Protein chains: 2
Amino acid sequence: MNDSRKTFKRESSDQRQDALIDATLSLIASGGPEAATVRNIAMEAGVTPGLIRHYFVTKEDLIGAAYERHMTTMRYAAYATVDGGLSGLSGLISLVKTSLAPPVIDARSLALWAGFIQSVQRDKSMQAIHEKTYFQFRDALQVLISETFIEIGQPKDKAALRRLAIACNAVLDGLWLEGSALPNSFETGELPAIGLASVGAILGLKLKE
Amino acid sequence: MNDSRKTFKRESSDQRQDALIDATLSLIASGGPEAATVRNIAMEAGVTPGLIRHYFVTKEDLIGAAYERHMTTMRYAAYATVDGGLSGLSGLISLVKTSLAPPVIDARSLALWAGFIQSVQRDKSMQAIHEKTYFQFRDALQVLISETFIEIGQPKDKAALRRLAIACNAVLDGLWLEGSALPNSFETGELPAIGLASVGAILGLKLKE
DNA sequence: TCGCTTATTATACGCTTGTATAATTTCATA
DNA sequence: TATGAAATTATACAAGCGTATAATAAGCGA
């Protein structure tokens, strides 16, 4: 009698959770948190709403899982270039250029990032993730800076390196923000150029492309 | 028969709008955009939900007004010491120091800002507000930078000033972000010191406290 | 091939949402 | 003190929300 019941394929728990998280991230990115309703998420993931509750006790749990994954994977994108084997000055240059161009600079990920930042205030586990990812990136940056000064025979002490890493990280964060929020207000290549010049000035070095 | 109808006092249009905006900001700061429902806002402001529609055509309009006011408040706070009559180098130093200390550095301000940013790319009017307030701040910064170079007899052309303003704005944004999100990770006075050193390095000047 | 587990769908429920509109109360003005 | 404009409250409504639970189908192991 009921011919129209949806056919489906059973998937592994991991695959389905990933698909639901993907759908959630996509919706928040393009429509903000309000767009991430259980029905929209389910439709985007190609399943029915009830399935969400089978994998996540509450919708908030799904949102939290989505933020967590976005934050941990987004940082990787930025220093993927460094993992490629570059170190010191060449690694630093590569990191700056990568951080300030697509796909890291991305209007869609701005809403995700802002949503995460706000959830940090209320959710202790999110705060832990925030600290972890922030320091991971800043420490990696500090290593590159340290290596750079060793390369040119002018090693710096830890306190100085800390200050420089905080400053350079701020430049990258700030430029990323400006570029992602107002992508049409900057010419192609302008942000990487400004980033290289600024980081170079802060470190007292010439950073050329 | 209906004894329980709420008594009220007629207020000026400005006062009521301010109260509604205050309530909106308070709710977004503590509970995110989702917490800013018309009923919550009305309760927080001590009125009934219908009144919101009397002052704002749509809820989005109220959110937009709240966004604009928050950004204006932050800009005034950052420029509080500059507006006293400072210009050029002394204004620049003052701006950096004020921007990177309380009350501009503030977890609540960050939460509010993040709450609004989430809807910037979805909502055109929010995007317009973002653009407007961003350029207000950056342009004022560019004026200070321009004055500084004129003071020392080395005026810069517009393209150079633009790049320097973008870079210095990024430093301030980034440090403000880091300080507001992780207040316990920086010693008192550390961020202003780093800010002065970094802005000074970018401009090729010595900025001392 | 048959059962059994469970992943998945389907349906229902109560609550909240934003908005529209009608009914009241306030207060300045005459 | 009476009048009228409009600020404010009250009520209603349809749509959408998250969640709970029952029914179904898929696919693995025997």
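This structure is a prediction, so every number in the text was calculated from the model and none was measured. Note on naming: letters A, B, ... go to the chains in the order of the sequence lines (proteins, then strands), and numbering restarts at 1 for each one.
Remark: C1' of dC17(D) and CD of Glu34(B) are 12 Å apart, rounded to the nearest angstrom. Between the CD1 atom of Ile63(B) and the P atom of dT19(C) there is a distance of 10 Å, given to the nearest Å. With rounding to whole Å, Ile41(B) atom CD1 is found 17 Å from dT8(D) atom C1'. As rounded to whole Å, 13 Å separates atom C1' of dA26(D) from atom CG of Leu51(A). Between Asn40(B) atom CG and dC15(C) atom P there is a gap of 17 Å when expressed in whole angstrom units. Between Lys59(B) atom NZ and dT19(C) atom C1' the separation is 12 Å, expressed in whole Å. For Gln17(A) and dT8(C), the CD to P distance is 11 Å, given to the nearest whole Å. Regarding Glu11(A), its CD atom lies at a distance of 18 Å from the P atom of dT6(C), rounded to whole Å.
Mapped onto DNA chain C by nearest heavy atom, Lys9(B) and Gly50(A) fall at different nucleotides, with Gly50(A) at the one closer to the 5' end. Annotation: of the two residues near DNA chain D, Arg39(B) and Ser12(B), the 5′-most nearest-nucleotide partner is Ser12(B).
Closest contact between the side chain of Val38(A) and the listed nucleotides dG18(D), dT8(D), dG18(C) involves dG18(D). Picking from dT25(C), dT19(C), dA25(D) the nucleotide with the shortest atom distance to the side chain of Arg5(B) gives dT25(C). Residue Arg10(A) has its side chain nearest to dT8(C) when only dT8(C), dT8(D), dC17(D) are considered.
Here His54(B) does not reach the OP1 or OP2 of dT8(D): none of its side-chain N or O atoms lies under 4.0 Å away. In terms of phosphate contacts, Tyr55(A) brings no side-chain nitrogen or oxygen within less than 4.0 Å of OP1 or OP2 of dA7(C). Distances shorter than 4.0 Å separate none of the side-chain N or O atoms of Thr7(A) from OP1 or OP2 on dA26(D). The side chain of Arg16(B) contributes an N or O atom lying less than 4.0 Å from OP1 or OP2 of dT8(D). Within the 4.0 Å cut-off from OP1 or OP2 of dG18(C), not a single side-chain nitrogen or oxygen of Thr58(B) is found.
In this pair, Phe116(B) and His70(B) present their aromatic rings tilted. The plane angle is within the 30 to 60° band.
Taking 4.5 Å as the limit, some side-chain heavy atom of Leu110(B) sits within range of a side-chain heavy atom of Trp176(B). With a 4.5 Å cut-off on side-chain heavy atoms, Ile28(B) and Gln118(A) count as touching.
Looking at Gln121(B) and Gln127(B), their side chains never bring a donor and an acceptor atom within 3.5 Å of each other.
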Ignoring hydrogens and angles, write down the donor-acceptor pairs under 3.5 Å from the side chains of residues 187-203 of chain A, residues two or more places apart or on other chains.
{"unit_1": "Glu190(A)", "atom_1": "OE1", "unit_2": "Glu187(A)", "atom_2": "N", "d": "3.0"}
{"unit_1": "Glu190(A)", "atom_1": "OE1", "unit_2": "Arg162(B)", "atom_2": "NH2", "d": "2.8"}
{"unit_1": "Glu190(A)", "atom_1": "OE2", "unit_2": "Arg162(B)", "atom_2": "NE", "d": "2.8"}
{"unit_1": "Glu190(A)", "atom_1": "OE2", "unit_2": "Arg162(B)", "atom_2": "NH2", "d": "3.0"}
{"unit_1": "Ser198(A)", "atom_1": "OG", "unit_2": "Ile194(A)", "atom_2": "O", "d": "2.7"}

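Nucleic acid contact class of Phe56(A) (heavy atoms, under 4.0 Å, all strands): none. Among the atoms of the strands shown, only primed sugar atoms or phosphate atoms (P, OP1, OP2) are found under 4.0 Å from some heavy atom of Thr37(A).
Arg53(A) contributes no side-chain N or O that forms a donor-acceptor pair with the base of dT19(D) under 3.5 Å.
By the neighbour-count criterion of 12 heavy atoms within 6.0 Å, atom OH of Tyr76(B) is sparsely surrounded, having that number or fewer from other residues, nucleotides or ligands.
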